[in-house]
Chemist: 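Could you have a look at this structure, given as structure tokens, before my questions?
All values reported here derive from a predicted model rather than from experimental measurement. Both counts, for ligands and for their atoms, begin at 1 and track the order of listing.
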Amino acid sequence: MGKVYLIGAGPGDPELLTLKAYRILRKADVVLYDALVNREILHFARQDSLKIYVGKRDGKHSLPQEEINELLHRFALSYKIVVRLKGGDPFVFGRGGEELLYLKSRGVEVEIVPGITSAISAPSSAFIPVTHRGIASSFAVVTGHPNREIKWEDLVNIDTLVVLMGVKNREKIARELIGAGRNPDEPVAFIEKATTPEQREVFSTLKEVAQNPPEVNPPAVMVVGKVVEIGAKVLCERIIGVTL
Ligand code: SAH
């Protein structure tokens, strides 16, 4: 029986892969990867390795999770090194836990290789620190997926809010947050395609996102909180070349 490595591929930039991920990828027999994994990273795998895409196709659904679990199990029975490569970190909204438990229940050895999550690296690539002395001493990462029930009122006192999978739902999220008691003037940033050459930042406020949401394209991370001003200031200075 082989071993399955649940590996985080980082947010996009291939250089943000860990050395451990790189080392294991180079000797993998099979690599199952998701939509958010930068294809350049696949070049690190052996040319003769099996590379299988299990992400969303043309807006259609990704392979059902049960099928991915079974595939991983089946490959572990016939190959030595099976890599399950996921965007960011495998345990941050990546269903890595489900794969771990399934494989363990089938007696398959599993190793987790953490990755740099977009939840923190997307903000930081836009010069937004999720914590900052005197400004933010707590942050929370939540899903903004329309199918998930979030108790937004519980998040009122968290200094920095990071929302993943929230682009489509951004208007409703902003409304919920204002309704729950967050300041409508609070700054908001969306960081699209973070750490890639196509990275784009959109700055706004909760009020504006709730009433007249700016255009944002997925994948993007939404950040709410005063720390957003730091990123806005630095990026603005970079553009106009003047210290504000
Ligand atoms: N496991 C991943 C998250 C998977 S959920 C991680 O740790 O990063 C998918 C969501 O992650 C997307 O909807 C988006 O909100 C965010 N995301 C992933 N990669 C991103 C990137 N390069 N730029 C912006 N957002 C990204």
Chemist: Under 4.0 Å from a heavy atom of L164: which atoms of ligand 1 are those, numbered in the order shown and with their elements?
Modeler: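 Those atoms are 3 (C), 15 (O).
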Chemist: Check whether any N or O atom of E192, backbone or side chain, sits under 3.5 Å from an N or O atom of ligand 1, and answer yes or no.
Modeler: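 In this structure, E192 places no N or O atom under 3.5 Å from an N or O of ligand 1.
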Chemist: State whether the shortest distance between N or O atoms of T196 and N or O atoms of ligand 1 falls below 3.5 angstrom.
Modeler: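 For ligand 1, there is no N or O atom that lies under 3.5 Å from one belonging to T196.
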Chemist: State if V221 counts as touching ligand 1 under the rule of any non-hydrogen atom under 4.0 Å.
Modeler: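 Contact present.
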Chemist: Measure the distance from atom 3 (C) of ligand 1 to every protein heavy atom, then report the residue, atom name and distance (to 0.1 Å) of the closest one.
Modeler: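 Here the closest protein heavy atom is V92 O, 3.4 Å.
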Chemist: Report the nearest protein non-hydrogen atom to atom 5 (S) of ligand 1: residue, atom name, distance rounded to 0.1 Å.
Modeler: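 Looking only at protein heavy atoms, the one closest to atom 5 (S) of ligand 1 is F93 O, 3.7 Å.
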Chemist: Run down the list G94, A194, S118 and name the one with the heavy atom closest to atom 8 (O) of ligand 1.
Modeler: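 Nearest heavy atom to atom 8 (O) of ligand 1 lies in S118.
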Chemist: Could you check F139 against V227 for side-chain contact (heavy atoms from CB on, under 4.5 Å), going step by step and ending with a plain yes or no?
Modeler: CA-CA 11 Å; F139 68 94; V227 286; over 6 Å; no
Chemist: Y102 and L71: same hydrophobic cluster, using ILVMFWY side-chain contacts below 4.5 Å?
Modeler: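 Hydrophobic grouping puts Y102 with L71.
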Chemist: Could you tell me whether P90 and ligand 1 have an N or O pair separated by under 3.5 Å?
Modeler: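 It does not: no N or O of P90 is found under 3.5 Å from an N or O of ligand 1.
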Chemist: Based purely on interatomic distance, does G166 place a nitrogen or oxygen under 3.5 Å from a nitrogen or oxygen of ligand 1?
Modeler: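 Min N/O separation from ligand 1 is not below 3.5 Å for G166.
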Chemist: Within ligand 1, which atoms have a heavy atom of I191 less than 4.0 Å away?
Modeler: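 Close to I191: 24 (C).
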Chemist: For side-chain contact (heavy atoms from CB on, under 4.5 Å), just list the numbers for T143 and I150, CA-CA rounded to whole Å, side-chain angles, deciding distance to a tenth of an Å, and then say yes or no.
Modeler: CA-CA 8 Å; T143 169; I150 298 287; 3.9 Å; yes
Chemist: Who's the nearest protein heavy-atom neighbour of atom 14 (C) of ligand 1, and how far?
Modeler: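 Ranked first by proximity to atom 14 (C) of ligand 1 is A220 O, 3.4 Å.
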Chemist: Of the listed options (P123, P11, G12), which comes nearest to atom 22 (N) of ligand 1 when hydrogens are ignored and any heavy atom counts?
Modeler: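 It is P11 whose heavy atom sits nearest to atom 22 (N) of ligand 1.
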Chemist: One thing to verify: whether E237 and K233 come together as a salt bridge, which I'm taking to mean a side-chain N less than 4.0 angstrom from a carboxylate O.
Modeler: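 Salt bridge: yes.
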Chemist: Heavy atoms, side chains only, cut-off 4.5 Å: are L32 and V82 in contact?
Modeler: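 SC-SC contact between L32 and V82 confirmed.
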Chemist: Give me the residue, atom name and distance of the protein heavy atom closest to atom 10 (C) of ligand 1.
Modeler: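 Looking only at protein heavy atoms, the one closest to atom 10 (C) of ligand 1 is M165 CG, 3.8 Å.
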Chemist: At a 4.0 Å threshold, what atoms of ligand 1 neighbour a non-hydrogen atom of K193?
Modeler: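 This gives 22 (N), 23 (N), 24 (C) as the contact atoms.
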Chemist: For the pair Y33 and Y53, name the ring-plane relationship: parallel under 30°, tilted 30 to 60°, perpendicular over 60°.
Modeler: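 Tilted: the ring planes of Y33 and Y53 meet at 30° to 60°.
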Chemist: Near L36, which atoms of ligand 1 are under 4.0 Å from a heavy atom of that residue?
Modeler: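 Every atom of ligand 1 under 4.0 Å from some heavy atom of L36: 9 (C), 18 (C).
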Chemist: Taking all non-hydrogen atoms of both residues, which atom of P11 and which atom of L16 are closest, and how far apart?
Modeler: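 Shortest heavy-atom separation between P11 and L16 comes out as CG-CD1, 3.7 Å.
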Chemist: What residue and atom, counting heavy atoms only, is the protein's closest point to atom 2 (C) of ligand 1, and at what distance?
Modeler: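 I find the closest protein heavy atom is G87 O, 3.2 Å.
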Chemist: Do any nitrogen or oxygen atoms of A122 come within less than 3.5 Å of a nitrogen or oxygen of ligand 1?
Modeler: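 No, there is no polar N/O contact under 3.5 Å.
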Chemist: Same cluster for I24 and L42 if Ile/Leu/Val/Met/Phe/Trp/Tyr side chains link at under 4.5 Å?
Modeler: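 Yes, it is one cluster - the side chains of I24 and L42 are joined through contacts under 4.5 Å.
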Chemist: Between D185 and K207, is any pair of side-chain heavy atoms under 4.5 Å apart?
Modeler: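 A side-chain contact under 4.5 Å exists here.
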Chemist: Does a side-chain heavy-atom distance below 4.5 Å link I173 with W152?
Modeler: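 Yes, at least one pair of side-chain atoms sits under 4.5 Å.
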Chemist: Side chain or backbone of Q199 under 4.0 Å from ligand 1, or both, or neither, by non-hydrogen atoms?
Modeler: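 Within the 4.0 Å criterion, Q199 makes no contact with ligand 1.
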Chemist: Which is it for D159 and K226 under the side-chain contact (heavy atoms from CB on, under 4.5 Å) test, yes or no, and what are the steps along the way?
Modeler: CA-CA 8 Å; D159 296 322; K226 207 166 161 46; over 6 Å; no
Chemist: May I ask you to list the atoms of ligand 1 that are less than 4.0 angstrom from any heavy atom of T117?
Modeler: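 What qualifies from ligand 1 is 6 (C), 7 (O), 8 (O).
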Chemist: In this structure, would I120 and F127 fall into the same cluster of hydrophobic residues linked by side-chain contacts under 4.5 Å?
Modeler: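 I120 clusters together with F127.
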